[in-house]
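One structure below.
Note on naming: letters A, B, ... go to the chains in the order of the sequence lines (proteins, then strands), and numbering restarts at 1 for each one. Note that the structure is predicted; figures quoted are calculated from it, not measured.
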Amino acid sequence: MASRLQPIRGTRDLLPEACRAHARVEGACRRVAERYGYGEIRTPILEPTPVFLRTLGDATDVVQKEMYTFEDRNGESLTLRPENTAGVARAVLSNGLLNDMPLKLHYAGPMFRHERPQKGRYRQFHQTGVELFGVPEPAGDVEAIAMGGDVLSELGVLDATRLEINTLGDTESRRRYLRALVAFLSSHRDALSDVGRERLERNPMRVLDSKEEADRQVVADAPSLLDHLNAEAGVFFDKVLAGLDALGFGYTVNPRIVRGFDYYCHTAFEFVTDRLGAQGTVIGGGRYDGLMEQMGGPALPGVGWASGVERLVMLTDDAAPAAHPIAIVPLGAAAERRALVLAHALRRQGFAVDLGYRGNLKRRMQRANRVEASHALILGDGELARGVVTLRDLDSGEQTELSIDRVSESLPRRG
RNA sequence: GUGGCUAUAGCUCAGUCGGUUAGAGCGCCUGGUUGUGGUCCAGGAGGUCGUCGGUUCGAAUCCGACUAGCCACCCCA
């Protein structure tokens with residue numbers, strides 16, 4: 001347990017079993033995305049810092065104190081991506097993908113935030129996500145949410161989550177509401193907690209999801225955004241909800257869902273679970289119509305979400321079994337050489353084959369057992385002389401002899 | 001970033017009031033079996049007791065700092 005050899009705080013090694021679990025979650029997302037016609041995109045982990053500064057909003061915690069930002073050797077400020085929507089949006093502009101709308105993209109990969117680690121929260125963590133550009137209609141929001149639900153369904157945990165949804169309104173509604181909210185909160189300033197007062201200064205909407213008891217009491221009587229929606233924003237939200245109703249997705253409207261990043265508008269939603277403690281959001285997303293313009297591109301609406309792979313792994317947690325290989329057990333130098341050729345041939349035919357590097361029969365049989373082989377192919381001098389191998393079923397112990405040239409015909413395709 | 005709890009073998013954990021050589025189970029290695037694994041039996045390897053410092057005749061045990069993990073806050077996916 002030499003501390004010098006530990007991975008840096010908040011990061012960890014994913015050993016084969018954990019990698020299978022990650023692949024299972026990422027595979028579910030990939031399958032769903034492809035059903036909806038989304039193509040994969042892989043953007044750099046490292047971006048110029050302004051990509052995030054301009055889009056996330058400089059009042060957010062992520063930008064203020066969680067980004068891994070440093071100068072490279074040329075003096076340019078670089079940042080390890082704390083999320084991927086900004087990077088994907090940048091890639092859309094960089095590659096001139098604006099002429100083929102709607103543009104549907106999905107991704108998976110590591111993100112980095114310098115937070116204090118705890119369960120379900122790491123400094124290097126993994127997200128899968130989808131982004132839909134060029135669809136201003138509420139049908140886009142419905143599709144995105146449906147995809148999130150489908151991923152959870154694919155993983156068998158849709159029932160373990162609930163969908164919470166809110167609207168942040170359009171720019172006009174939001175501006176009107178913000179005025180009303182600030183006026184209200186300011187008049188109750190003395191009743192707010194320290195946290196609440198600080199949020200009132202920096203990001204008034206965030207007072208709404210403060211957990212301080214004092215703030216909750218004040219907020220209980222605060223004006224609701226839902227009452228300040230203009231006709232257009234109200235209709236938009238109603239259409240999103242109607243779409244979810246039509247598809248049979250249950251949801252609760254939660255006016256306290258507020259997005260951390262500035263680029264969100266209209267729909268904000270989360271799939272949350274109470275099985276993971278304090279980090280219960282497994283998928284979170286919403287609409288971000290203002291993002292492209294903030295980045296210096298044309299006005300282009302977008303909607304999408306990201307899922308926390310580690311959290312979904314914890315939620316689904318069933319062990320992903322490794323393949324059951326065929327173990328080849330040669331005895332003697334001549335058989336050893338023949339076994340190498342046989343193993344190669346079988347692997348090329350798609351079989352998982354375990355071939356040890358040394359040891360007598362007993363040793364190799366023990367190894368076959370340890371790698372959970374379904375069958376052993378025993379090849380000794382006697383078999384070699386007759387052109388056969390002994391096939392042993394490692395569950396039943398039954399043994400039969402097979403012609404060495406036709407072994408594959410008698411093997412189970414995936415053990 | 002704040003608070004609380006924790007850190008002993010590869011893993012999960014015991015370890016009394018501070019007292020000689022720090023234990024168990026699982027796993028690993030060897031043997032019982034010359035061409036037959038799993039189960040069983042016997043034996044073995046493996047530990048700067050997270051790190052550094054302090055108190056003490058003596059520290060895994062008490063104290064402090066640091067590091068890391070966990071839980072909550074915070075934040076978010």
Subject >> Short N-O contact, A:E164 and A:R162, less than 4.0 angstrom >> reply: yes

**OP:** Using whole Å, report how far NZ of A:K119 lies from P of B:U6.
**Re:** 18 Å

Original post:
Which atoms form the tightest heavy-atom contact between A:I257 and A:L168, and what is the distance?
Top reply: O-CD2, 4.0 Å

Original post:
Can you tell me how far C1' in B:A14 sits from the matching atom in B:A24, rounded to whole Å?
Top reply: 7 Å

Original post:
When the distance from CD of A:E115 to C1' of B:G69 is rounded to whole Å, what number comes out?
Top reply: 17 Å

Original post:
Do NZ/NE/NH1/NH2 and the carboxylate oxygens of A:E115 and A:R9 come within less than 4.0 Å?
Top reply: no

**OP:** Examine the side chains of A:R392 and A:Q399 and answer whether a donor and an acceptor come within less than 3.5 Å of each other.
**Re:** yes

Subject >> Interatomic distance at P, B:G50 relative to B:U61, whole Å >> reply: 8 Å

Subject >> Residues that A:F70 engages under ring pair (Phe, Tyr, Trp, His ring centres under 6.0 Å), provided they are two or more places apart >> reply: none

Subject >> Side chain of A:Q279 (C-beta onward), nearest among B:C74, B:G4, B:A77 >> reply: B:C74

Original post:
Within the structure shown, what part of the strands sits under 4.0 Å from A:G277 by heavy-atom distance: base, sugar-phosphate, or nothing?
Top reply: sugar-phosphate

Original post:
Relative to the 5' end of RNA chain B, which residue comes earlier, A:I283 or A:I8, by the nucleotide with the nearest heavy atom?
Top reply: A:I8

Subject >> Interatomic distance, A:I145 CD1 vs B:A77 C1' [rounded to whole Å] >> reply: 16 Å

**OP:** Would you kindly give the CE-to-P distance between A:M67 and B:G1, to the nearest whole Å?
**Re:** 17 Å

Subject >> Separation between the C1' atoms of B:U56 and B:U6, rounded to whole Å >> reply: 26 Å

Enumerate donor-acceptor pairs with a distance under 3.5 Å from any side-chain N or O in residues 134-149 of chain A to protein atoms, sequence neighbours excluded.
residue: A:D141; atom: OD1; partner: A:R287; partner atom: NE; Å: 3.0
residue: A:D141; atom: OD1; partner: A:R287; partner atom: NH2; Å: 2.6
residue: A:D141; atom: OD2; partner: A:T267; partner atom: OG1; Å: 2.6
residue: A:D141; atom: OD2; partner: A:R287; partner atom: NE; Å: 3.1
residue: A:E143; atom: OE2; partner: A:Y38; partner atom: OH; Å: 2.5

**OP:** Compare side-chain N and O positions of A:R121 against OP1 and OP2 of B:C76 and report whether any pair is under 4.0 Å apart.
**Re:** no

**OP:** Determine which pairs satisfy ring-ring contact (aromatic ring centres under 6.0 Å, His included) with at least one residue from residues 328-348 of chain A, sequence neighbours left out, and list them in order.
**Re:** none

**OP:** Determine the Euclidean distance between corresponding P atoms of B:A42 and B:C49; express it in Å to zero decimal places.
**Re:** 31 Å

Original post:
Distance between the P atoms of B:C29 and B:A45, in whole angstroms?
Top reply: 16 Å

Subject >> Pairwise C1' distance, B:C62 and B:G19 [rounded to whole Å] >> reply: 14 Å

Original post:
For B:A72, does OP1 or OP2 lie under 4.0 Å from any side-chain N or O of A:Q118?
Top reply: yes

Subject >> Base-contact (B) and sugar-phosphate-only (S) positions in nucleotides 33-38 of chain B, heavy-atom cut-off under 4.0 Å, - elsewhere >> reply: --BBBB

Subject >> Axial cation check for A:F125 ring with A:R113, 6.0 Å and 45° limits >> reply: no

**OP:** Go through A:Y264 and A:D289 one step at a time and tell me if the side chain to side chain donor-acceptor pair (under 3.5 Å) criterion holds.
**Re:** CA-CA 7 Å; A:Y264 284 104; A:D289 291 348; over 6 Å; no

Original post:
Is the CG atom of A:D227 crowded by more than 12 outside heavy atoms at less than 6.0 Å?
Top reply: yes

Original post:
Contact class for A:A306 (heavy atom, under 4.0 Å): base, sugar-phosphate, or nothing?
Top reply: sugar-phosphate

Original post:
Is there aromatic stacking of A:F125 against B:A77, centre distance under 5.5 Å, plane angle under 30°?
Top reply: yes

Original post:
Can you find a side-chain donor-acceptor pair between A:T316 and A:R24 that sits under 3.5 Å?
Top reply: yes

Subject >> Qualifying residue, where the test is side chain to side chain contact (heavy atoms under 4.5 Å, CB included) with A:Q279 and the options are A:E310, A:M314, A:K119, A:R121 >> reply: A:R121

**OP:** Measure the distance from CZ on A:R123 to P on B:C76 and round it to the nearest whole Å.
**Re:** 17 Å

Original post:
So what does A:G280 hit on the nucleic acid, given a heavy-atom distance under 4.0 Å: a base, only sugar-phosphate, or nothing?
Top reply: nothing

Original post:
Expressed in angstrom and rounded to an integer, what is the separation of A:I257 atom CD1 from B:A77 atom P?
Top reply: 11 Å

Subject >> Residue of the set A:K104, A:R31, A:R30 for which salt bridge (Lys or Arg N to Asp or Glu O under 4.0 Å) holds with A:E40 >> reply: A:R30

Subject >> Nucleotide B:C74, atom P - distance to NZ of A:K65 in whole Å >> reply: 12 Å

Close N or O pairs between protein and nucleotides 39-43 of chain B (under 3.5 Å):
none

**OP:** Sticking with atom C1', work out how far B:G54 lies from B:A68, rounded to a whole angstrom.
**Re:** 22 Å

Original post:
Does a nitrogen or oxygen in the side chain of A:R363 sit under 4.0 Å from OP1 or OP2 of B:G31?
Top reply: yes

Original post:
Which sits closer to the 5' end of RNA chain B, A:S307 or A:T11, going by the nucleotide each is nearest to?
Top reply: A:T11

Original post:
Which is it for A:R20 and A:E17 under the salt bridge (charged side-chain N to carboxylate O under 4.0 Å, His left out) test, yes or no, and what are the steps along the way?
Top reply: CA-CA 5 Å; A:R20 284 197 296 273; A:E17 189 179 337; 5.0 Å; no

**OP:** Represent RNA chain B in dot-bracket notation, 5' to 3'. Only Watson-Crick or G-U wobble pairs with both distances under 3.5 Å count; pseudoknot-style crossings use [ ] and interstrand partners use |.
**Re:** (((((((..((((.....[...)))).(((((.......))))).....(((((..]....))))))))))))....

Original post:
What interatomic distance, in whole Å, is found between C1' of B:G46 and the corresponding atom of B:U55?
Top reply: 33 Å

Original post:
Counting only distance, no hydrogens or angles, is the base of B:C76 paired donor-acceptor with the side chain of A:R311 under 3.5 Å?
Top reply: yes

**OP:** Starting at atom CG of A:L152, determine the distance to atom P of B:A77, rounded to an integer number of angstrom.
**Re:** 16 Å

